[in-house]
Amino acid sequence: MIVSEFVPKPYKFLLDSGSVTYNSPSNIALVKYWGKEAHQIPANPSISFTLNNCKTLTTLQFEKKTTKGFSFEVFFEGIIKNEFMPKIVQFFERIEVYLPFLSRYHFKIETSNTFPHSSGIASSASGMSALALCLVQLEQRLNPETTKAFFNKKASFLARLGSGSACRSIEGPLIVWGSHDNIIGSSDFLGIKYPYEVHPNFNNFCDTILLVDKGEKQVSSTVGHDLMHGHPFAEQRFAQAHTNIDALIKVFKTGDLSAFISIVEREALTLHAMMMSSDPYFTLMKPNTLEIINKIWAFRKKTGLHICFTLDAGANVHVLFPENEANEIRQFVKASLIMHCQNEHFIEDNLGQGAQPIKI
Ligand code: PMV
């Protein structure tokens with residue numbers, strides 16, 4: 001499948017060498033993407049908050065070459081990382097038709113995260129989006145007439161081919177990916193900014209990430225997505241995601257935080273319920289994940305504050321809350337929840353506006 005809109009006209013020239021740098025954030029889904037078809041087409045639409053502090057910084061150095069094929073080296077926090085290469089080769093293979101210059105350069109990819117690697121935070125989202133942005137920026141230098149809107153679309157389109165959720169990291173603060181009947185412009189190919197009214201209750205919404213388990217995941221997202229094929233509850237789940245997005249459209253308009261909480265927590269638990277009912281079944285939650293969830297429920301009941309949680313494909317807990325309740329909730333998190341984190345590690349984050357160019 002080739003989406004012709006993103007295949008460029010032949011470049012008039014190639015630069016000999018240079019470098020570009022971008023930083024790109026992670027994102028946290030409210031309605032989850034879990035299950036996909038070929039070419040990274042999501043089985044259902046998803047919607048996410050773009051984060052502000054959890055970012056990947058990537059520098060791409062390029063130098064013209066005459067040999068055939070892809071050539072690159074990749075460094076993570078200054079150390080060569082050959083184990084990252086297969087994923088990047090796969091990414092390059094998928095996107096070469098959209099960036100025909102890829103085999104004309106040798107690349108040095110240098111990347112680092114503001115958060116611990118393998119902390120269960122979606123480093124593939126920030127990492128792949130940062131790399132996609134560097135590549136589109138290089139193309140921009142070959143084709144300077146590209147508009148900002150097209151630049152963002154192409155970056156999201158390419159990022160998706162690296163890691164699905166990465167397409168939701170280009171912009172912020174609220175991004176939709178996957179076609180939904182009631183969201184104009186929504187697409188299976190790329191993320192778009194949520195196009196409707198958002199109540200001020202969601203301005204600067206906070207996300208404190210509790211790092212319950214920083215180890216490698218026992219089951220990768222790739223395997224998890226695949227297990228949705230033939231899953232007995234798949235069709236109902238995909239339909240539920242559409243319904244939950246409809247419900248969120250209303251919530252974003254009215255600012256109804258109680259309704260927000262029930263949609264977001266149900267989504268998180270449904271994601272994990274899908275894992276626990278796959279064949280083979282698995283679970284990524286840990287005892288401390290449940291400890292935290294139970295404490296959040298008890299604290300919410302006692303105080304009436306609008307704290308809730310969501311989960312990624314891992315054991316860590318994202319604690320979500322509105323900015324005007326942040327003082328009390330942060331105190332509670334520190335006093336009662338971080339004891340359940342590995343080495344008491346947690347990250348205070350909030351909504352962000354998306355990726356930023358550092359050197360173009
Ligand atoms: O982008 P992937 O293939 O790593 O999948 C991410 C899936 C979830 O994080 C579990 C949900 C989501 O929508 O981000």
Side-chain angles (χ1 to χ4, degrees), residues 24-51 54 56 84 87 90-91 94 115 117-132 156-170 172 174-180 186 188-192 194 207 209 216-229 231 234 237-238 240-242 244-245 248 263-276 278 282-285 289 309-318 320 349:
S24 189
S26 185
N27 66 74
I28 180 67
L30 305 171
V31 172
K32 309 288 179 182
Y33 147 62
W34 197 243
K36 64 177 166 183
E37 301 304 327
H39 308 286
Q40 302 276 97
I41 299 300
N44 63 260
S46 57
I47 185 162
S48 55
F49 280 149
T50 305
L51 298 182
C54 291
T56 297
F84 288 2
K87 204 147 192 221
Q90 184 191 49
F91 179 47
R94 286 179 182 164
F115 51 88
H117 180 60
S118 286
S119 56
I121 300 175
S123 57
S124 64
S126 54
M128 280 299 176
S129 56
L131 181 55
S156 177
F157 175 82
L158 296 179
R160 186 195 98 248
L161 293 168
S163 168
S165 57
C167 77
R168 297 188 311 234
S169 281
I170 308 297
L174 197 50
I175 302 292
V176 180
W177 167 42
S179 174
H180 186 282
S186 58
D188 285 343
F189 295 135
L190 48 89
I192 60 158
Y194 178 73
D207 178 4
I209 307 161
E216 278 293 318
K217 280 187 276 190
Q218 280 147 357
V219 179
S220 71
S221 294
T222 311
V223 171
H225 285 295
D226 208 40
L227 290 172
M228 288 304 281
H229 289 286
H231 192 295
R237 158 62 199 151
F238 301 147
Q240 180 201 38
H242 285 264
N244 282 344
I245 287 186
L248 270 184
I263 297 162
V264 167
E265 291 191 345
R266 191 158 358 106
E267 273 290 321
L269 293 179
T270 302
L271 169 70
H272 285 258
M274 291 299 112
M275 299 172 190
M276 292 198 275
S278 298
F282 63 103
T283 177
L284 297 179
M285 285 195 272
T289 312
F309 71 87
T310 189
L311 307 167
D312 254 339
N316 299 333
V317 182
H318 289 249
L320 301 176
D349 213 332

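Quick caveat, the model's predicted, so the values are computed rather than measured. Both counts, for ligands and for their atoms, begin at 1 and track the order of listing.
Applying the ring pair (Phe, Tyr, Trp, His ring centres under 6.0 Å) criterion to F49, with sequence neighbours excluded, gives F205. In this view, F91 satisfies the ring pair (Phe, Tyr, Trp, His ring centres under 6.0 Å) rule with no residue, not counting sequence neighbours.
Atom 9 (O) of ligand 1 has its nearest heavy-atom neighbour, among N44, L30, D312, in D312. If you check each of Q40, H225, M274, R168 against atom 3 (O) of ligand 1, the one with the closest non-hydrogen atom is H225. Of the candidates S165, G164, G162, P45, the one placing a heavy atom closest to atom 6 (C) of ligand 1 is S165.
Contact of the M276 side chain with the F282 side chain is not registered, since no non-hydrogen atoms from C-beta on lie closer than 4.5 Å. In this structure, the side chains of H39 and F189 stay at 4.5 Å or more apart for every pair of heavy atoms. Contact annotation: the side chain of N44 never approaches that of I245 to less than 4.5 Å [non-hydrogen atoms, C-beta and beyond].
Residue-level proximity to ligand 1 for A313 is carried by backbone and side chain together, each with a heavy atom below 4.0 angstrom.
Taking distance alone, with nitrogen or oxygen atoms compared against 3.5 Å, W34 stays at or beyond that limit from ligand 1. Considering backbone and side-chain atoms together, S163 places an N or O closer than 3.5 Å to an N or O of ligand 1.
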side-chain hydrogen bond (donor to acceptor under 3.5 Å, both in side chains) evaluation trace for K87 with S163: CA-CA 9 Å; K87 204 147 192 221; S163 168; 4.8 Å; no
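Taking every non-hydrogen atom of A29 and a distance limit under 4.0 Å, the qualifying atoms of ligand 1 come out as 12 (C), 13 (O), 14 (O).
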